[in-house]
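Down below is the structure, laid out as structure tokens.
Every chain is numbered from 1, with letters handed out A, B, ... down the list of sequences.
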Amino acid sequence: MRLTRYFLPILKETPAEASIASHRLMLRAGMIHQSSAGIYSWLPMGFKVLQRLEQIVHEEQQRAGHIPMLMPTLQSADLWRESGRYDDYGKEMLRITDRHGRDMLYGPTNEELITDIVRNSINSYKDLPKTLYHIQWKFRDEVRPRFGVMRGREFYMKDGYSFDVDEAGALHSYNRHLVSYLRTYERMGLKAIPMKADTGPIGGDHSHEFLVLAETGESEVFYDSRVLDMSLGDCVIDFDDVAQCQDIFDEFTTPYARTDETHDDAIFSDVPENRRMSARGIEVGQIFYFGTKYSESMGADVVMPDGSRKPIEMGSHGIGVSRLIGALIEANHDDKGIIWPESVAPFRVGLVNLRQGDEAADAACDSLYSGLVKAGLDPLYDDRDERAGAKFASMDLIGCPWRITVGPRGLKNGVVELTSRRTGETVELSPEDALARCVEIYADV
RNA sequence: CGGGGCGUGGCGCAGCCUGGUAGCGCGACGGUUUUGGGUACCGUAGGUCGGAGGUUCGAAUCCUCUCGCCCCGACCA
């Protein structure tokens, strides 16, 4: 993309309403525009990042064997009356009446809808297990939306629902989700720690929240510093392998890691003192096995081999996709701007022409630009007639992980510069080598 | 839902207390200049001062109501 043809409304000054880094930087980098409290338009740059995250989530979900679909945002109140949640949910649920006076609502989540679909089409134990998911906009009418997309009223979320015959199957689904989430966050360059979560009125042991450590996080967390060293890395995972998923689950959930909701000082004190940490965290996902709460109240059951009927064992599992962008920026920025991890960068390489209009510089940039495009590196070419300082500042703000700088001075010696946004390190290379180096960097991203 | 704050050109703000018909910086536009980390200068355009009502000869400014937004807390993912 050539910057002169793009829509990137960069702000030089910080808008007054933004108090935390991610919100400030998203506004300044022209990623979002507030439409009303907790509701945002996603401008082209922000939308691009959102799509990158969405793509990773889709790939990892499908890798784990989960099936994509799409449910509507508007739902009928009748289904929610069946489950009993229409009255329980309170004012957070946005209620709407259509022209015929029917009660509708903007979905804050989709258990009822998916249970309705499944009960209509799944009748036998032979049809299970299944995990269906979608990525769709949700609305929760928060009392106090804040921090930009971190706590919006409208937000984009992947929510998946697992359906199993029995508890053992449901627990495998649960473990499988935990493993797939670990992979998902790792791919995004994020350290998200699974922490034992409160299961609320339904009870049970089986809920974990995934927390990204950040000073601006809304939850207080306590953990054994050992969790920070754990990663899946290149581990090959067979998501149908019950034992392997269980092992990974055990490995990652054994060290102490809890939010203030489930924190227990007595257990925490068993952690060696030098590893006992407390911090703040942003919740970017949650998995939950809740058994038959909805299948019983809504009559979703299957016929078993012996001819009896059994309510389906269910779980629901969510990743806050729009919130993740906030979390990513909180975890990856400096005073100049955003520092995108390679895997989620809206543009993978920034190309800066220091002397627009200079014949040699323009030609070198054009050639590099088409090379980068051909290599699938999705470059952003700053071809504005601006001074070097302004171009550098813009690139630093929007956070392209790599920047190729082209100017007459370097070209005289046959070189351009390749700079890492994260380290600031610069190397001089021939244009061909700079391109090759970028291809190499992104080879396995 | 309790507490606090703010609405004035696209953005950041001053003016309000002590009423006299709106100003600064950034940005935009036109020019000159400059050219490897947000260049300097000259000029131009752009505002029913969130809205409604009231007081007054006169309201951005005072009073009442209202809408919107932000922050702290409680709540929630």
Quick one: label [X] by what it contacts on the DNA or RNA (base, sugar-phosphate, nothing), any heavy atom closer than 4.0 Å.
X	answer
A/Glu218	nothing
A/Arg153	nothing
A/Lys138	nothing
A/Glu142	base
A/Thr14	sugar-phosphate
A/Ala388	sugar-phosphate
A/Arg403	base
A/Gly152	base
A/Ala393	base
A/Gly318	nothing
A/Thr109	nothing
A/Gly407	base
A/Glu417	base
A/Leu354	base

A/Thr292: partners by side chain to side chain donor-acceptor pair (under 3.5 Å), with sequence neighbours left out: A/Glu296
Searching all strands shown, indicate the nucleotide that pairs with [N] (Watson-Crick or G-U wobble; both distances under 3.5 Å).
N	answer
B/A40	B/U32
B/G7	B/C67
B/G47	none
B/U61	none
B/U56	none
B/C24	B/G12
B/C76	none

Report, one line per pair, each donor and acceptor closer than 3.5 Å where one atom sits in a side chain of residues 44-52 of chain A; sequence neighbours left out.
| from | atom 1 | to | atom 2 | distance (Å) |
| --- | --- | --- | --- | --- |
| A/Lys48 | NZ | A/Pro346 | O | 2.9 |
| A/Lys48 | NZ | A/Asp378 | OD2 | 2.4 |
| A/Arg52 | NE | A/Ala345 | O | 2.7 |
| A/Arg52 | NH2 | A/Ala345 | O | 3.4 |
| A/Arg52 | NH2 | A/Pro346 | O | 3.2 |
| A/Arg52 | NH2 | A/Asp378 | OD2 | 3.1 |

Between B/C17 and B/G7 - P atom distance, rounded Å: 14 Å
Pairwise salt bridge (Lys or Arg N to Asp or Glu O under 4.0 Å) hits with a residue in residues 56-67 of chain A, at least two apart: A/Glu59-A/Arg187, A/Glu60-A/Arg63, A/Glu60-A/Arg183, A/Glu60-A/Arg187
Pairs where residues 327-356 of chain A contributes a residue and the test salt bridge (Lys or Arg N to Asp or Glu O under 4.0 Å) is met, not counting sequence neighbours: A/Asp334-A/Arg421
Geometric class of the A/Tyr256/A/Phe268 ring pair [parallel <30°, tilted 30-60°, perpendicular >60°]: tilted
Pair A/Arg258-A/Asp198, salt bridge (charged side-chain N to carboxylate O under 4.0 Å, His left out): steps then yes or no: CA-CA 10 Å; A/Arg258 298 191 182 190; A/Asp198 196 358; over 6 Å; no
Whichever of A/Arg384 and A/Glu92 has its nearest RNA chain B nucleotide further upstream toward 5': A/Arg384
Nearest-nucleotide 5' precedence on RNA chain B, A/Leu411 against A/Glu261: A/Leu411
Inter- and intrachain pairs under ring-ring contact (aromatic ring centres under 6.0 Å, His included), touching residues 336-373 of chain A, at least two apart: A/Tyr6-A/Phe347, A/Tyr369-A/Tyr381
Boundaries of the RNA chain B segment in contact with chain A, non-hydrogen, under 4.0 Å: B/C1 to B/A77
Check against side-chain contact (heavy atoms from CB on, under 4.5 Å), A/Leu377 and A/Trp402: CA-CA 11 Å; A/Leu377 289 174; A/Trp402 296 90; over 6 Å; no
